[in-house]
2 protein chains.
Amino acid sequence: MEEQQKKILLVEDDPNFGTVLKDYLMMNDYEVVHAKNGMEGFEKFKKDDYDLCILDVMMPYKDGFTLAKEIREKNSDIPIVFLTAKAMKEDVLKGYKVGADDYLNKPFDSEVLLMKIKAIMQRKATETVADSKQFEFKIGGFDLNSKLRFLKYKDNEPVKLSPKENELLRLLALHENDLMPRELALTKIWRDDNYFTSRSMDVYIAKLRKYLKVDDKVEILNIHGEGFRLVVNPEQ
Amino acid sequence: MEEQQKKILLVEDDPNFGTVLKDYLMMNDYEVVHAKNGMEGFEKFKKDDYDLCILDVMMPYKDGFTLAKEIREKNSDIPIVFLTAKAMKEDVLKGYKVGADDYLNKPFDSEVLLMKIKAIMQRKATETVADSKQFEFKIGGFDLNSKLRFLKYKDNEPVKLSPKENELLRLLALHENDLMPRELALTKIWRDDNYFTSRSMDVYIAKLRKYLKVDDKVEILNIHGEGFRLVVNPEQ
DNA sequence: GTACCATTTAACCTTACATTAACAAAAAAA
DNA sequence: TTTTTTTGTTAATGTAAGGTTAAATGGTAC
């Protein structure tokens, strides 16, 4: 079977560069919609379904990060690649926190871009099976069923989880033993990152800790200023 | 697709040599902005994003090293190449302190310069978010995980590190057994080099020494007036 | 309406972090 | 040598982030 053409939303204000990039991607069998600025980009995004967004970071009126945030509010799973002239760490981090799948510093090698796109599509393709459709987790002595929203410890009665509790624990479980950045949870679950959503998340962390207390091998650690880490300690 | 043009900031006070070099680079498909002195160089640097800086060391008013330091305070990652009249040892050391990526002795072969630029660009281009981050280090009996910010000695409980402790130890580890100049840490981590940040760094060195005390093969030595050296002694 | 639930906001407290101060010790300079 | 500079170390300070509980909000079902 012929593979379905993947659809890319390209938001790039530089008309020359944008056109060249669009043509190049189309030559490589992608369907490309080119928006000339953030506003137009968001309109086009809402009107159709895409497999990937490529956003220029520096654009007048609405920069790439802001656009990404809006896109994420609509669809928390779509892969986003940022194009940036800056190699600055802050930017890299900021993008990462919005949930960037990759980063390209302009200027970049077109071959590199293609490979990255391919890799992301690949990853998302397998991730769909593995990650976004993964609803059952073993966390130490716990079983989390995030489709039915319950958490069971061994043979105890299952505990019902609220939607937010559930999503947060699931996100932590997906990152088990690794850093789960604050901003990731805030953008993915709360779809907004501000003081109050952040505090709200802390409240939920406290709730989850209470549930997890029955198994002393399982704990949620904080990495100050970064995020949380769900760790499962091996048997003592 | 045609490769995107790379942007170079060239700071060179000699008008003849500067113009010739600029033309030569432009002939080789680089976009070049030529500043005639350090002051102008810094202004131009702030106004735009560059992929590389080429700085003459000897310039009136503001020399290349001072300029490099200012540039580093704004962007700790941008590659810097120094042009020096001769291979003075002090100069090499000085450049090393501000994190020079390369050195060229005037007069130099223009082919060599091109090759070096290409190599640096190449290195930076393949440095994506993922692989540029080297997070795990073995330091004697220690394991440093600078993503999760902890330091573990053998099977002991991991010790949590603060962001500054973490970055400093990471920088020391990157220079293991070699000099890690004070100035480098100050410009890269503190992004400022003055009496107070310097004292602050000393405080952090003391903290790290305390952590590292459990392994007597590992120590942080001071090189008076120069910086620190993380040494790992072989088994006795 | 009110009873119920999830979620947010508030309040208060604790911990974490970076900086600065202070003084001692070591090294270099005079 | 004496003096000055640099470094070692501990403690004090101020601020920000996180932990936790309770109350307020807001939506939904009854």
Side-chain angles (χ1 to χ4, degrees), chain A residues 93 97 146 148-151 159-172 179-186 188-213 218-231, chain B residues 97 146 148-151 157-172 179-213 218-231:
Chain A
L93 216 75
K97 284 173 179 171
S146 65
L148 303 176
R149 292 213 324 250
F150 69 74
L151 179 67
V159 178
K160 285 203 240 174
L161 298 179
S162 84
K164 285 255 151 65
E165 290 168 347
N166 177 55
E167 285 189 78
L168 185 55
L169 186 53
R170 179 169 175 274
L171 206 54
L172 284 164
L179 170 67
M180 194 279 295
R182 273 193 103 82
E183 283 74 7
L184 181 70
L186 292 174
K188 278 218 169 201
I189 300 176
W190 276 265
R191 306 185 154 214
D192 188 18
D193 176 357
N194 61 45
Y195 172 78
F196 291 108
T197 53
S198 189
R199 297 305 286 129
S200 192
M201 172 172 165
D202 290 332
V203 172
Y204 278 96
I205 290 289
K207 292 180 186 194
L208 291 180
R209 281 185 173 136
K210 214 172 276 179
Y211 296 145
L212 298 176
K213 217 158 38 189
V218 177
E219 54 185 336
I220 297 176
L221 300 183
N222 175 254
I223 300 175
H224 199 95
E226 299 289 339
F228 294 94
R229 194 156 84 92
L230 176 67
V231 296
Chain B
K97 284 178 184 171
S146 67
L148 301 178
R149 290 212 324 245
F150 69 72
L151 179 68
E157 267 298 290
V159 178
K160 286 204 219 178
L161 299 180
S162 86
K164 285 260 150 70
E165 292 168 348
N166 179 54
E167 286 189 77
L168 185 56
L169 185 53
R170 180 168 176 275
L171 205 55
L172 284 164
L179 170 67
M180 194 281 294
R182 277 192 100 83
E183 254 185 298
L184 183 68
L186 293 173
T187 52
K188 279 221 169 198
I189 300 176
W190 275 265
R191 293 176 161 253
D192 187 18
D193 176 357
N194 61 46
Y195 171 78
F196 291 109
T197 53
S198 188
R199 297 305 289 131
S200 193
M201 172 172 165
D202 289 330
V203 171
Y204 279 96
I205 290 289
K207 291 181 184 189
L208 290 181
R209 282 185 173 135
K210 212 173 277 179
Y211 296 145
L212 297 176
K213 218 158 37 189
V218 178
E219 53 186 335
I220 297 176
L221 300 183
N222 174 255
I223 299 171
H224 200 93
E226 298 293 342
F228 295 93
R229 199 157 81 90
L230 175 67
V231 296

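None of these values were measured; they are calculated from a predicted model.
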Determine: side-chain N/O of [X] to OP1/OP2 of [N], distance under 4.0 Å, yes or no.
| X | N | value |
| --- | --- | --- |
| A:S200 | C:dT8 | yes |
| A:R182 | D:dA17 | no |
| B:K210 | D:dT10 | yes |
| B:T197 | C:dT19 | no |

Between [X] (side chain only) and [Y] (backbone N and O only), is there a donor and an acceptor less than 3.5 Å apart?
| X | Y | value |
| --- | --- | --- |
| A:N166 | A:S146 | yes |
| B:R149 | B:L161 | yes |
| B:T187 | B:E183 | yes |
| A:R182 | A:D193 | no |

How long is the line joining [atom1] of [X] and [atom2] of [N], in whole Å?
| X | N | atom1 | atom2 | result |
| --- | --- | --- | --- | --- |
| B:L212 | D:dG8 | CG | C1' | 15 Å |
| B:I223 | D:dG8 | CD1 | P | 11 Å |
| A:M180 | D:dG18 | CE | P | 11 Å |
| B:N222 | C:dA27 | CG | P | 9 Å |
| A:N166 | C:dT7 | CG | P | 10 Å |
| A:M201 | C:dA6 | CE | C1' | 18 Å |
| A:E219 | D:dG18 | CD | C1' | 16 Å |
| A:Y211 | D:dT20 | OH | C1' | 14 Å |

Would you mind telling me which of [options] lies closest to the side-chain atoms of [X]?
| X | options | value |
| --- | --- | --- |
| A:R209 | D:dG18, C:dA18, D:dG19 | D:dG19 |
| A:F196 | C:dA27, C:dT20, C:dA10 | C:dA10 |
| A:W190 | D:dG19, C:dT19, C:dT8 | C:dT8 |
| A:P163 | C:dA16, C:dT7, D:dG8 | C:dT7 |
| B:A206 | C:dA6, D:dT9, C:dA18 | D:dT9 |
| B:K207 | D:dA11, C:dA27, C:dA18 | C:dA18 |
| B:R149 | D:dA22, D:dT7, C:dC17 | C:dC17 |

Report summary line: Of all heavy-atom pairs linking B:L186 and B:T197, the shortest is CD2-O, 3.6 Å
Query raised in the report: If you measure from CG on A:L221 to CG on B:L148, what distance do you get to the nearest 0.5 Å?
Result: 10.0 Å
Report task. Would you indicate what B:F228 reaches in the nucleic acid, counting non-hydrogen atoms under 4.0 angstrom: base, sugar-phosphate, or nothing? Result -> sugar-phosphate
Query raised in the report: Is the base of D:dG8 touched by the side chain of B:R199 through a donor-acceptor pair closer than 3.5 angstrom?
Result: yes
